[in-house]
> 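This is the structure I have questions about; it appears just below.
Just so it is clear, the values below take in all heavy atoms, side chains as well, and ignore hydrogens, waters and symmetry mates.
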Amino acid sequence: MWGAIDDRLAAALEVLALRQRLLAQNVANAETPGYKRYDVDFDRALALALEASGRGAGRADGLQAAGRGPLPLAATHPAHQPGRGPAGAVWQAVYRETGTALRNDGNNVDLDAEMARLAETGLHYQALIRQLSDRIALLRTVIAEGRR
């Protein structure tokens, strides 16, 4: 009913929500000794979310075309759990920065950088919500005008 554009908007919102949770987790652990920050590769996560929803359009960098995309989930026994939906697929794009340390205790969370990333993610989220809201308003207008 909604179409591919709305599916892509929904997938992007899902990825941004995941990134927001990871960044909030980083901020919460800014004083935890040895904690390493988490983030998500947005392009990869979006491609995974679209593939999981059946709307995969391929990656711009050609990973799918080269056969290096995510491996399909194979169930070799009837008792195997079925694959998780789009939310599970997105987690494959989460990475942990383990090669850096900002403090002597091994923690690599820079609060200023995390807050900037949170603000950036929030702006992207609001922009996508605005686009989705505009599409819903357009549909509402079409439906209302159709009754006249």
Side-chain angles (χ1 to χ4, degrees), residues 1-32 34-75 80-103 107-148:
M1 173 181 154
W2 293 93
I5 292 174
D6 297 310
D7 289 343
R8 289 187 175 116
L9 285 173
L13 287 171
E14 178 186 343
V15 173
L16 288 173
L18 171 63
R19 186 166 196 237
Q20 192 85 6
R21 286 194 304 270
L22 292 172
L23 295 175
Q25 177 181 319
N26 292 341
V27 170
N29 287 291
E31 299 296 325
T32 303
Y35 180 83
K36 301 294 184 186
R37 68 176 301 273
Y38 287 91
D39 206 342
V40 63
D41 179 354
F42 183 82
D43 292 337
R44 183 164 184 250
L46 183 59
L48 290 170
L50 291 172
E51 285 176 22
S53 69
R55 293 279 188 176
R59 293 184 59 174
D61 61 4
L63 284 179
Q64 275 187 327
R68 294 183 297 160
L71 297 174
L73 181 63
H80 285 171
Q81 295 290 322
R84 295 176 63 188
V90 172
W91 280 94
Q92 296 176 25
V94 172
Y95 63 92
R96 188 175 189 195
E97 283 186 14
T98 58
T100 60
L102 196 62
R103 300 185 336 202
N107 189 311
N108 66 352
V109 175
D110 180 1
L111 271 180
D112 292 335
E114 295 299 321
M115 297 308 284
R117 289 182 187 109
L118 276 168
E120 176 188 35
T121 304
L123 286 173
H124 287 158
Y125 195 89
Q126 289 174 3
L128 292 179
I129 287 291
R130 178 63 188 215
Q131 287 182 357
L132 197 56
S133 177
D134 288 348
R135 292 189 56 84
I136 291 170
L138 179 64
L139 285 174
R140 188 175 296 139
T141 300
V142 168
I143 291 169
E145 292 297 321
R147 285 191 237 158
R148 294 183 186 180

> Quick one, Leu23 and Arg37 - any side-chain contact, counting heavy atoms below 4.5 Å?
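Counting from C-beta outward, Leu23 and Arg37 do come under 4.5 Å.
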
> Are any of the side-chain heavy atoms of Met115 and Val27 separated by less than 4.5 Å?
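Met115 reaches Val27 side chain to side chain.
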
> Nearest 0.5 angstrom please: Arg19 CZ to Asp41 CG, how far?
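That separation rounds to 10.0 Å.
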
> Looking at every non-hydrogen atom in both residues, tell me the closest pair between Ala45 and Val40 and how far apart they are.
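Ala45 and Val40 have their closest heavy atoms at CB-CG2, 3.7 Å.
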
> Counting C-beta onward and ignoring hydrogens, is there a side-chain heavy-atom pair between Tyr38 and Gln25 closer than 4.5 Å?
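With C-beta onward as the side chain, the pair touches.
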
> Rounded to the nearest 0.5 Å, what separates atom CZ in Arg135 from atom CG in Leu138?
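Interatomic distance, Arg135 CZ to Leu138 CG, rounded to 0.5 Å: 7.0 Å.
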
> Where is the tightest heavy-atom contact between Arg8 and Leu46, given as atom of each residue plus distance?
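Looking at all heavy atoms of both residues, the closest pair is O-CD1, 4.2 Å.
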
> Check whether any side-chain heavy atom of Tyr125 sits under 4.5 Å from a side-chain heavy atom of Ile129, and report yes or no.
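Yes, their side chains come closer than 4.5 Å.
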
> Answer whether the closest heavy-atom distance between the side chains of Val109 and Glu114 falls below 4.5 Å.
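Yes, side chains in contact.
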
> Of all the heavy-atom pairs spanning Lys36 and Ala101, show the shortest one and how long it is.
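It is NZ-CB, 4.0 Å.
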
> Please walk me through it: do Gln131 and Asp134 pass side-chain contact (heavy atoms from CB on, under 4.5 Å)?
CA-CA 5 Å; Gln131 287 182 357; Asp134 288 348; 5.7 Å; no

> Could you tell me whether a side-chain N or O of Asn107 sits under 3.5 Å from a main-chain N or O of Ala30, the two making a donor and an acceptor?
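Side chain of Asn107 to backbone of Ala30, a donor-acceptor pair under 3.5 Å: yes, one is there.
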
> State, to 0.1 Å, how close Asp7 and Leu50 come at their nearest heavy-atom pair, and which atoms those are.
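Heavy atoms only, the tightest pair is O-CD2, 4.2 Å.
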
> Any side-chain heavy atom of Arg44 within less than 4.5 Å of one from Leu48?
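They are in contact (side-chain heavy atoms under 4.5 Å apart), so the answer is yes.
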
> The test is side-chain contact (heavy atoms from CB on, under 4.5 Å); show your working for Phe42 and Leu16 and say whether it passes.
CA-CA 8 Å; Phe42 183 82; Leu16 288 173; 3.8 Å; yes

> Measure the spacing between CG of Leu139 and CG of Asp6 and express it to the nearest 0.5 Å.
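Rounded to the nearest 0.5 Å, the CG-CG separation comes to 7.5 Å.
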
> Got a second to check how far Arg96's CZ is from Asn108's CG, nearest 0.5 Å?
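Between atom CZ of Arg96 and atom CG of Asn108 there are 8.5 Å.
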
> Decide, yes or no, whether a salt bridge links Arg117 with Glu120 under the criterion of side-chain N to carboxylate O below 4.0 Å.
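Salt bridge absent between Arg117 and Glu120.
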
> Once rounded to the nearest 0.5 Å, what's the spacing between atom CZ of Arg130 and atom CG of Leu128?
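Spacing of CZ (Arg130) from CG (Leu128) equals 13.0 Å.
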
